[in-house]
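What follows is one structure encoded as structure tokens, with my remarks underneath.
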Amino acid sequence: GAVVSQHPSRVICKSGTSVKIECRSLDFQATTMFWYRQFPKQSLMLMATSNEGSKATYEQGVEKDKFLINHASLTLSTLTVTSAHPEDSSFYICSAMGGASNQPQHFGDGTRLSIL
Amino acid sequence: GESVGLHLPTLSVQEGDNSIINCAYSNSASDYFIWYKQESGKGPQFIIDIRSNMDKRQGQRVTVLLNKTVKHLSLQIAATQPGDSAVYFCAENAGGTSYGKLTFGQGTILTVHP
């Protein structure tokens, strides 16, 4: 089945640090990738939609300058949390899908970000 | 905005029983629905999907039922096993200009007792 790899799985860093998270589709070309945020015991909240070769589309309330997304190839999207603060601590999850309509998204295993 | 919700936040069953997890959705434009299973510390894992032109779809030990009249979705797990313990999310896609975008329900915690 489709495999999505997310790296790193866990990050602990000081406040003010910028953190980059990578999302790779390993066995298919992902024309679209999505980035989600999940707080403990809550559901996934979509942050942004990333299309290869174009600017990401952010959901309402998500700061574009805070969460930088790059989707430079059909197998890689990155999320950079700039100048992270403790309130940015969360579980960040990416998903990827190919070009066919109404196909399930395949998710990475998430990145646990802890800002001290 | 419209959202997907769940009736039961927790469900406890005995091993071997059948489990039913429910989901209510409110966006009548949604035409594609997915059930995901999420284990602790991991990303959601695809279980089964269904399109709006169907009302039932079966997989291995799982069945998804869609009732568009009352905007209700359910996941049935047969002969539930301890390994099925996880959080289950339904998700909907409205299609059209929101191609691919999923709205997730709040989740149901399924606990299977041996």
Side-chain angles (χ1 to χ4, degrees), chain A residues 1-10 21 23-25 30-52 56-62 71 90-114, chain B residues 1-6 9-10 21 23-25 27 29-54 57 59-60 62 64 66 86-109 111:
Chain A
V3 178
V4 175
S5 174
Q6 195 170 334
H7 178 80
S9 59
R10 187 175 182 98
I21 303 169
C23 181
R24 296 181 184 272
S25 57
T31 54
T32 306
M33 289 185 172
F34 302 87
W35 287 95
Y36 295 83
R37 184 173 181 174
Q38 186 179 31
F39 291 106
K41 300 188 186 303
Q42 294 189 22
S43 188
L44 283 75
M45 296 299 296
L46 180 65
M47 298 174 66
T49 302
S50 170
N51 290 297
E52 186 266 338
T57 302
Y58 290 81
E59 294 300 300
Q60 189 174 6
V62 178
H71 192 163
S90 188
F91 193 49
Y92 292 87
I93 310 172
C94 72
S95 70
M97 60 186 293
S101 62
N102 280 355
Q103 292 297 312
Q105 294 177 26
H106 297 280
F107 286 79
D109 270 342
T111 297
R112 175 73 59 193
L113 177 61
S114 300
Chain B
E2 297 182 315
S3 64
V4 178
L6 292 172
T10 62
I21 300 172
C23 176
Y25 67 94
N27 187 349
S30 293
D31 59 2
Y32 180 53
F33 304 86
I34 311 172
W35 280 101
Y36 285 98
K37 171 187 180 183
Q38 186 179 29
E39 296 175 304
S40 180
K42 294 188 176 181
Q45 176 186 357
F46 171 82
I47 300 174
I48 192 168
D49 59 359
I50 188 168
R51 294 178 173 77
S52 59
N53 62 351
M54 303 172 68
R57 191 166 189 222
Q60 187 177 13
V62 295
V64 55
L66 174 63
V87 180
Y88 289 80
F89 293 97
C90 65
E92 63 175 332
N93 174 236
T97 57
S98 59
Y99 168 72
K101 286 179 59 174
L102 295 178
T103 300
F104 278 78
Q106 68 183 79
T108 293
I109 301 171
T111 303

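The chains referred to below are lettered A, B, ... by the order of the sequence lines, with proteins before strands, and numbering in each begins at 1.
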For [X], is it the side chain, the backbone, both or neither that has a heavy atom under 4.5 Å from a heavy atom of chain B?
| X | result |
| --- | --- |
| Q105(A) | both |
| L44(A) | both |
| Q38(A) | side chain |

Problem set entry | Aromatic plane relationship, F104(B) with F89(B) - under 30° parallel, 30 to 60° tilted, over 60° perpendicular | perpendicular
Exercise. Out of curiosity, I50(B) CD1 to R57(B) CZ, how far, rounded to the nearest 0.5 Å?
Worked result: 8.0 Å
For this session: For residues S52(B) and L66(B), report the shortest heavy-atom separation together with the two atoms involved.
Result: CA-CD2, 3.8 Å
For this session: Indicate yes or no for a side-chain donor-acceptor contact from T108(B) to the backbone of Y88(B) under 3.5 Å, with no hydrogens or angles considered.
Result: no
Seminar exercise, completed: Turns out that what part of Q38(B) lies under 4.5 Å from chain A's heavy atoms comes down to side chain
